[in-house]
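The first residue of the sequence shown is numbered 1, and numbering continues consecutively from there. Values in this document were obtained by computation on a predicted structure and should not be read as measured data.
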Amino acid sequence: MGFFKLLKQDIDVVFDQDPAARTYIEVCLTYSGLHAIWSHRMAHAFYQKKFFFLARVISQISRFFTGIEIHPGAKIGKRFFIDHGMGVVIGETCEIGDNVTIYQGVTLGGTGKEKGKRHPTIKDNALIATGAKVLGSITIGESSKIGAGSVVLEDVPDHSTVVGIPGRVVIQNGEKIRKDLDHHKLPDPISEVLKEMEDEIKHLQNELKNVKGANQRDN
């Protein structure tokens, strides 16, 4: 596919995904997500030709103006859409398919100093919601959705919905996997720990009452 046709598709997906988009001029001049993608297309072309320093300079200039950091080594497919985009980070070995949508605050990152493939692979038609963190050399399946604020550390099957910290599959192929969790309700790990502590305190109080009662009977 020609380079300019690819850029045209980047514009068209904005109109498909964002009802606020009105004109081509407005989209081209005011959408930071589009600017970041176009800058990445250019930086990635230089990166492939081993002009690594120039590629990084372009990516850092784009980061300064858009608030979106995409490593020039990342591979991004057609019709990639970043909605708003501030705080988005995409790592060097990420591979992103076609028709993928991500929102502000998303991180597609690594989990340490490992070498080789260390960032996620996002398959076609996936959606990653606001603030989600997808970490490590894992795969997000085709047409899957990652809920806002989720932290995903394991592979996600195709056609699945993931929520929570750590992320768990709650819907797959249109059917609920976990009956005790609605997909719009994210688990609160702090609340869960406090509930466990409360239960333990109640248990200790009951034990203490039993000990006091036994001592009084002995006396």
Is a side-chain donor or acceptor of Ser62 paired with a backbone partner of Gln60 at a separation under 3.5 angstrom?
no
side-chain contact (heavy atoms from CB on, under 4.5 Å) between Val170 and Val162, intermediate numbers included:
CA-CA 6 Å; Val170 295; Val162 172; over 6 Å; no
So which heavy atom on Gly97 is nearest to which on Asp124, and how close?
CA-OD1, 3.3 Å
Straight-line distance of Leu108 CG to Glu95 CD, nearest 0.5 Å:
12.0 Å
Between Asn125 and the options Val100, Thr101, Asn99, Asp98, the side chain to side chain contact (heavy atoms under 4.5 Å, CB included) test singles out Asn99
Do the non-hydrogen side-chain atoms of Glu200 and Glu196 ever get within less than 4.5 Å of each other?
no
Spacing of Ser59 atom OG and Glu92 atom CD [to the nearest 0.5 Å]:
10.5 Å
If hydrophobic clusters are built from ILVMFWY residues whose side chains come within less than 4.5 Å, do Leu7 and Leu34 share one?
yes
Do Thr121 and Ile138 pass the side-chain contact (heavy atoms from CB on, under 4.5 Å) test, and can you show the C-alpha distance, the side-chain angles, and the key distance before you say yes or no?
CA-CA 6 Å; Thr121 295; Ile138 62 176; over 6 Å; no
Spacing of Arg22 atom CZ and Phe15 atom CZ [to the nearest 0.5 Å]
10.5 Å
Does atom NZ of Lys75 have more than 12 heavy-atom neighbours from other groups under 6.0 Å away?
no
Check: Asn210 side chain, Asn206 main-chain N or O, donor-acceptor pair, under 3.5 Å:
yes
Leu204 and Ile201: same hydrophobic cluster, using ILVMFWY side-chain contacts below 4.5 Å?
no
Determine, step by step, whether Ile128 and Tyr103 satisfy the side-chain contact (heavy atoms from CB on, under 4.5 Å) criterion, reporting the C-alpha distance in whole Å, the side-chain angles of both residues, the deciding distance to 0.1 Å, and the verdict.
CA-CA 7 Å; Ile128 305 177; Tyr103 290 82; over 6 Å; no
Between Arg56 and His71, does a side-chain contact (heavy atoms from CB on, under 4.5 Å) hold up when you go through it step by step?
CA-CA 7 Å; Arg56 288 305 301 268; His71 193 285; 3.5 Å; yes
With heavy-atom distances below 4.5 Å as the criterion, would you say the side chains of Lys8 and Asp12 are in contact?
yes
Looking just at side-chain N and O atoms, do Tyr31 and Asp83 make a donor-acceptor pair shorter than 3.5 Å?
no
All heavy atoms of Val156 vs all of Ser144, minimum pair found to be CG1-OG, 3.9 Å
Shortest non-hydrogen pair, Ser150 vs Gly164, comes out as OG-N, 3.1 Å
May I ask you to list the residues sharing a hydrophobic cluster with Met42, side-chain cutoff 4.5 Å, ordered by chain and number?
Phe46, Phe51, Leu54, Ile58
Tracing side-chain links under 4.5 Å among I, L, V, M, F, W and Y, which residues wind up in one group with Tyr47?
Phe52
Do other residues, nucleotides or ligands put more than 12 heavy atoms under 6.0 Å from Arg118 CZ?
yes
Is there a donor-acceptor contact under 3.5 Å from the side chain of His35 to the main chain of Cys28?
yes
Of Ile102, Ile140, Leu127, which meets side chain to side chain contact (heavy atoms under 4.5 Å, CB included) against Ile122?
Ile140
Establish whether Leu153 and Ile165 are linked, either directly or via other cluster members, by ILVMFWY side-chain heavy-atom contacts under 4.5 Å.
yes
Would Asp10 and Lys78 pass as an ion pair if we require N to O under 4.0 Å?
no
Closest non-hydrogen atom pair between Ala74 and Ile70, with its separation
CB-CG2, 4.3 Å
Joint hydrophobic cluster, Val88 plus Phe65, side-chain heavy atoms closer than 4.5 Å:
no
Cluster question for you: counting only ILVMFWY and a side-chain heavy-atom cut-off of under 4.5 Å, with indirect links fine, are Val134 and Met86 together?
no
Is there a side-chain contact between Ile96 and Ile90, using heavy atoms and a 4.5 Å cut-off?
yes
Is any side-chain heavy atom of Ile82 less than 4.5 Å from a side-chain heavy atom of Ile37?
yes
Do you know the tightest heavy-atom contact between His44 and Pro72?
ND1-O, 2.7 Å
With distance as the sole test, does His119 use its side chain to make a donor-acceptor pair with the main-chain N or O of Thr93 at under 3.5 Å?
yes
Does a side-chain heavy-atom distance below 4.5 Å link Ile76 with Arg41?
yes
Is the closest side-chain heavy-atom distance between Val27 and Ile25 below 4.5 Å?
no
Can you establish whether the number of heavy atoms outside Glu154 located under 6.0 Å from its atom CD is more than 12?
no
Can you confirm whether Lys123 is buried at NZ, in the sense that more than 12 heavy atoms of other residues, nucleotides or ligands lie under 6.0 Å from that atom?
no
NE2 (His159) and NZ (Lys145) are apart, to the nearest 0.5 Å, by 11.5 Å
In terms of heavy-atom contacts, Arg79 and Val13 come closest through O-CG2, 3.6 Å
